[in-house]
Number of protein chains: 2
Amino acid sequence: MQGKPTTIKEIAQILGISVSTVSRALHDHPSIGITTRAKVKKLATELSYEPNQTAIFLQKGKTHTIGVILPELSEAFFSSAISAIEDTAYKKNYTVLLAQSHDDEVKEKQLVEKMKNHRVDGLLVSVGKNTSSYQHFENLKKYNIPVVYFDRIPSIPNIHYVACNMEIGTIEAVSYLLKKGHRTIGMINGPQTMVATGERKEGYIKAMTKNRLKYDPSLIVSCDLTEQGTQKALDELLNNKRKPTAIVTFNDYVALFAIKYAQKLHININKELEFVSYANLPIINYMENIPAASVEQFPYLQGQKATDILMDLLHHQGATGNEPSAFYKVIIESQLVENKK
Amino acid sequence: MQGKPTTIKEIAQILGISVSTVSRALHDHPSIGITTRAKVKKLATELSYEPNQTAIFLQKGKTHTIGVILPELSEAFFSSAISAIEDTAYKKNYTVLLAQSHDDEVKEKQLVEKMKNHRVDGLLVSVGKNTSSYQHFENLKKYNIPVVYFDRIPSIPNIHYVACNMEIGTIEAVSYLLKKGHRTIGMINGPQTMVATGERKEGYIKAMTKNRLKYDPSLIVSCDLTEQGTQKALDELLNNKRKPTAIVTFNDYVALFAIKYAQKLHININKELEFVSYANLPIINYMENIPAASVEQFPYLQGQKATDILMDLLHHQGATGNEPSAFYKVIIESQLVENKK
DNA sequence: AAGTGCCACGCAAACGTTTGCAGTAGCTTA
DNA sequence: TAAGCTACTGCAAACGTTTGCGTGGCACTT
């Protein structure tokens with residue numbers, strides 16, 4: 001009753017039958033007599049038998065577990081994504097093994113090893129921003145452990161990924177501001193090193209040219225995403241010979257820094273100076289002075305899609321065993337959302 | 001090279017020795033000759049051998065995995081806690097199996113079963129707010145799976161837990177406002193059903209009586225924590241015959257709702273009406289109109305402590321096997337933190 | 001030369017399952 | 001009445017490790 005859980009062996013012993021019969025009975029194998037089956041099931045529930053998954057894992061070579069490695073669990077974007085991953089995996093009866101890399105490439109490598117040893121069936125990864133080599137992920141192919149990347153994806157060929165394209169959203173954002181009558185639109189962009197920075201810039205330029213306006217490079221300034229950096233960037237924009245009446249910021253954090261600073265400069269937010277941002281923070285809806293609109297990146301959806309893809313891979317790889325010829329490349333288009341006040 | 005990972009058996013075969021020798025060699029067992037040991041290790045690295053954890057799990061009956069069940073991964077408080085849990089577990093070489101209950105008691109029960117079947121060594125739980133029976137957790141005792149509760153703890157005896165006591169923090173919060181000259185202090189409290197609501201109320205009363213002020217029950221109003229509810233609560237307070245000049249709110253969400261509403265009523269925040277809240281949101285520091293101070297609940301610390309306790313339990317239970325006579329009851333005192341602007 | 005001790009290693013069981021293959025009834029069929 | 005079925009059930013191997021115990025050989029004592 002107490003101590004060790006019941007095993008199939010014990011059930012067999014009590015009933016005076018063999019373990020294989022018990023196993024088959026519990027799985028409704030057709031070759032087991034109806035009466036035996038009933039007896040076994042009855043006793044199983046009585047003893048509250050639960051199969052030992054670790055034994056099944058060993059036997060089957062599958063763990064029904066997926067590993068998730070992402071940079072920072074406490075960031076709003078990722079916590080939303082992990083929530084989606086867990087939800088989706090749960091529905092398919094998979095379990096989630098979780099780890100965070102803290103953007104540390106060395107730790108990331110260790111985590112991959114750990115996941116491999118735990119024999120996860122597949123892996124969901126958002127790579128650290130400092131990660132330069134992806135060999136540790138590539139190695140997994142040898143072991144038939146599929147990897148699906150999401151949001152922060154490595155720039156290598158032949159991978160499955162889900163990502164959000166910032167360009168469309170940015171075009172929408174700029175167009176939105178143009179439609180509202182703004183003609184001088186600034187952008188506080190991210191560091192040059194990030195892919196997302198390029199996408200935003202491209203979107204900005206496309207939106208301008210599409211509306212037959214000429215693109216003024218001095219209206220896009222880089223920023224290291226800190227509060228200080230944001231203030232510096234805003235100063236730069238406000239002192240530009242063409243002073244913007246609206247600004248697109250790299251993300252919500254930057255937007256809030258900028259808004260806070262602008263208020264200190266006695267600028268009337270959304271009157272004198274309008275903001276549009278990229279949604280990282282759900283909290284934005286609780287606040288008073290917020291960007292007029294945000295480019296939504298759908299973290300929940302990204303997590304969900306990525307998990308779905310992984311599930312699909314897991315259920316279809318068994319047959320082939322070798323590298324797939326086709327790769328999932330899902331791009332979720334970012335989308336402008338007007339923030340309700 | 002490709003396909004299945006190397007096993008101990010293969011190494012043994014190649015070297016013409018037995019599996020037990022290989023196993024012992026890899027574990028630096030003293031009874032293995034230095035030369036054999038070297039040979040084994042060399043070949044192991046050459047073949048990039050990695051022990052199959054599932055086999056070890058089965059053999060040892062331990063998985064070096066801890067389960068974590070909490071209500072909502074995407075909430076700031078919990079994402080911060082899970083981050084701490086993962087960090088702490090990682091340091092002790094444990095892995096985290098994650099699941100969220102969405103405050104659904106039925107799902108919570110299923111998750112407990114799942115965790116048990118996965119043979120997690122221990123469990124970390126923050127119970128759902130609708131959970132009324134704790135039998136599913138109690139059952140784990142039979143299987144020697146220790147459970148440590150944190151933050152949202154069940155009101156039953158003989159459990160290990162880490163929680164944050166709101167009373168002290170509330171006393172500090174009210175005292176802080178009193179010291180600033182406020183004499184009429186309102187409180188927007190949570191639903192009567194929650195333990196935390198009681199703690200806040202107690203703290204409020206104690207702070208008042210300590211300062212020889214009489215406690216006016218009409219200054220504490222309940223609230224269902226929604227935006228509407230908050231507005232209703234604030235209206236009630238503002239229309240009270242003694243109109244408060246400061247308000248303590250149940251949490252940051254409520255505070256932000258209230259502040260937003262107060263601004264709409266053209267009330268000068270932190271001049272006419274000052275706010276103190278309980279910290280759930282890191283984002284608070286990015287904002288302009290925020291509560292003057294917050295009662296910090298230390299989610300990261302709670303997660304860390306809870307994990308430490310679980311680790312301790314895991315490393316000391318093996319000897320006894322039966323229920324411990326002493327229980328960890330760690331109370332982290334909440335603490336007032338002035339919010340920097 | 002026989003006894004003692006130690007070192008280095010192998011044997012085999014065990015962990016709890018699943019599953020291919022055999023086997024044994026009892027029954028039908030010719 | 002023997003052959004052949006069908007309907008059940010059992011045997012044993014396998015998954016990859018760990019570990020108690022046994023055993024061979026060698027060197028050392030006396």
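Every chain is numbered from 1, with letters handed out A, B, ... down the list of sequences.
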Using atom CG of B:Asn52 as one end and atom C1' of C:dG16 as the other, report the distance to the nearest whole Å. 15 Å
Options D:dT17, C:dC11, D:dA14, nucleotide nearest the side-chain atoms of A:Gln59: D:dA14
Determine whether any donor atom in the side chain of A:Thr36 lies under 3.5 Å from an acceptor atom in the base of D:dC8, or the reverse, and answer yes or no. no
For the side chain of B:Arg24, counting heavy atoms from C-beta on, which of C:dT19, C:dG10, D:dT17 is nearest? C:dG10
Report which part of the nucleic acid A:Leu58 touches: base, sugar-phosphate, or nothing (heavy-atom distance under 4.0 Å, all strands). base
Can you measure B:Gln53 atom CD to D:dT17 atom P for me and round it to whole angstrom units? 10 Å
Residue A:Ile8, side-chain heavy atoms: nucleotide from D:dT18, D:dC21, C:dT18 that is nearest: C:dT18
Donor/acceptor link under 3.5 angstrom from A:Ser20 side chain onto base of D:dC11: yes
Under 4.0 angstrom, heavy atoms only, what part of the nucleic acid is A:Gly33 near: base, sugar-phosphate, or nothing? sugar-phosphate
Counting C-beta onward and ignoring hydrogens, is there a side-chain heavy-atom pair between A:Gln53 and B:Phe57 closer than 4.5 Å? no
When we call it a touch if two heavy atoms are under 4.0 Å apart, what does A:Ser23 touch: a base, just sugar-phosphate, or nothing? base
Which of C:dC9, C:dT17, D:dT17 is nearest the side chain of A:Ile56? It is C:dT17
Atom-pair distance (NZ on A:Lys60; P on D:dG16), nearest Å: 16 Å
Mind checking the CD1-CG spacing from B:Ile56 to A:Asn117? Nearest 0.5 Å is all I need. 8.0 Å
Relative to the ring of A:His160, is the ring of A:Tyr328 parallel (under 30°), tilted (30 to 60°) or perpendicular (over 60°)? tilted
Check the orientation of A:Tyr149 and A:Phe137. Use parallel for under 30°, tilted for 30 to 60°, and perpendicular for over 60°. perpendicular
Would you verify whether the NZ or CZ of A:Lys305 falls within 45 degrees of the ring axis of A:Phe298 while also being under 6.0 Å from that six-membered ring's centre? no
I want to verify a distance call: between D:dG10, C:dT17, C:dC11, whose nearest atom is closest to the A:Ile17 side chain? D:dG10
For B:Gln304 and B:Asp87, test the side chains for any donor-to-acceptor distance below 3.5 angstrom and give the result as yes or no. no
Please give, in whole Å, the distance from C:dT18 C1' to A:Lys62 NZ? 16 Å
Can you find a side chain N or O atom of B:Lys9 that sits less than 4.0 Å from OP1 or OP2 on D:dA14? no
For B:Ile34 and for A:Val19, find the nucleotide of DNA chain C with the closest heavy atom, then tell me which residue's nucleotide is more 5'. B:Ile34
Nearest whole Å is fine: how far is C:dT19 C1' from A:Ile32 CD1? 12 Å
note: A:Leu26, atom CG; C:dT19, atom P; distance rounded to Å ~ 13 Å
Atom-pair distance (OH on B:Tyr49; C1' on D:dT18), nearest Å: 11 Å
Value in whole Å for how far the P atom of C:dG16 lies from CZ of B:Arg119: 8 Å
Between A:Thr21 and D:dG10, does any side-chain N or O lie under 4.0 Å from OP1 or OP2? yes
